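It should be emphasised that the depicted structure is a prediction, and the values quoted were computed from it without experimental measurement.
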Amino acid sequence: MQYGLHTHRFNGDTTFNDGHIHRYYGITSADPNVRGHIHYMRGATTFNDGHIHYYSAATGPDIRVGRGHIHYYRGVTTVNDRHRHAYSGYTSVD
């Protein structure tokens, strides 16, 4: 995939806040495979402790691994039930 559009999968657990965690998962925006590119990600966490949170972030630039690349990301969720959660991780390899 020289310059074609591509996406990455992502998933993980939020930080443990207010006595619980949430899971999140999704697929990034489709962007060209050029050096230094980023992706956008957004979605909603799983329903835990009677509520959900929303998240939205841009990944960092591509990190070359083997014959592909990954992206690091981090962010914080929206506030719900008077708290928020942080999340971070790496996308799947393209």
> Would you please name every residue forming a side-chain contact (heavy atoms from CB on, under 4.5 Å) with Arg74, sequence neighbours left out?
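Partners of Arg74 by the side-chain contact (heavy atoms from CB on, under 4.5 Å) criterion, ordered by chain and then number, come out as Tyr72, Ser88.
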> Where is the tightest heavy-atom contact between Asp94 and His6, given as atom of each residue plus distance?
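Smallest interatomic distance, heavy atoms only, reads CB-CD2, 3.9 Å.
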> Any idea which heavy atoms bring Ile38 and Ala58 closest together, and the distance?
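Closest approach of Ile38 to Ala58, heavy atoms only: CD1-CB, 4.2 Å.
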> Could you tell me which residues satisfy side-chain hydrogen bond (donor to acceptor under 3.5 Å, both in side chains) with Asn17, sequence neighbours excluded, listed by chain and number?
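Partners of Asn17 under the side-chain hydrogen bond (donor to acceptor under 3.5 Å, both in side chains) test: Thr15.
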> What pairs of residues pass the salt bridge (charged side-chain N to carboxylate O under 4.0 Å, His left out) test when at least one of them lies in residues 25-51, not counting sequence neighbours?
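For residues 25-51, and leaving out neighbouring residues, there are no salt bridge (charged side-chain N to carboxylate O under 4.0 Å, His left out) pairs at all.
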> If the condition is side-chain contact (heavy atoms from CB on, under 4.5 Å), which residues does Ile21 pass it with, not counting sequence neighbours?
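side-chain contact (heavy atoms from CB on, under 4.5 Å) list for Ile21, sorted by chain: Asp13, Thr14, Phe16.
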> Members other than Val76 in its cluster, when Ile, Leu, Val, Met, Phe, Trp, Tyr link by side-chain heavy atoms under 4.5 Å?
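Under the 4.5 Å side-chain rule, Val76 groups with nothing.
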> Of the non-hydrogen atoms in Pro61 and Gly36, which two are nearest, and what is the gap between them?
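Looking at all heavy atoms of both residues, the closest pair is CB-O, 3.9 Å.
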> Quick one: side-chain contact (heavy atoms from CB on, under 4.5 Å) partners of Asn11, sequence neighbours excluded?
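Arg23, Tyr25.
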> Taking the six-membered ring for Trp, are His22 and His83 parallel (under 30°), tilted (30 to 60°) or perpendicular (over 60°)?
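The arrangement is parallel - the two ring planes meet at less than 30°.
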> Side-chain contact test, heavy atoms from C-beta onward, threshold under 4.5 Å: evaluate it for Ile63 versus His69 and give yes or no.
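No. Closest side-chain heavy atoms not under 4.5 Å.
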> Identify, with sequence neighbours excluded, every residue that meets side-chain hydrogen bond (donor to acceptor under 3.5 Å, both in side chains) alongside Arg64.
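Result, side-chain hydrogen bond (donor to acceptor under 3.5 Å, both in side chains) vs Arg64: Asp62.
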> Hydrophobic clusters join Ile, Leu, Val, Met, Phe, Trp and Tyr when side-chain heavy atoms are under 4.5 Å apart, directly or via other members; which others share one with Tyr87?
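Same cluster as Tyr87: Phe10, Tyr24, Met41, Tyr55, Tyr73.
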> Partners of Val79 by side-chain contact (heavy atoms from CB on, under 4.5 Å), sequence neighbours excluded?
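Result, side-chain contact (heavy atoms from CB on, under 4.5 Å) vs Val79: Arg84.
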> Looking at every heavy atom in both His39 and Thr7, which two are closest together, and how far apart are they?
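The answer is CE1-CA, 4.4 Å.
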> Taking all heavy atoms of Ile52 and all of Asn80, pick out the closest pair and write down the distance.
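Shortest heavy-atom separation between Ile52 and Asn80 comes out as O-ND2, 2.8 Å.
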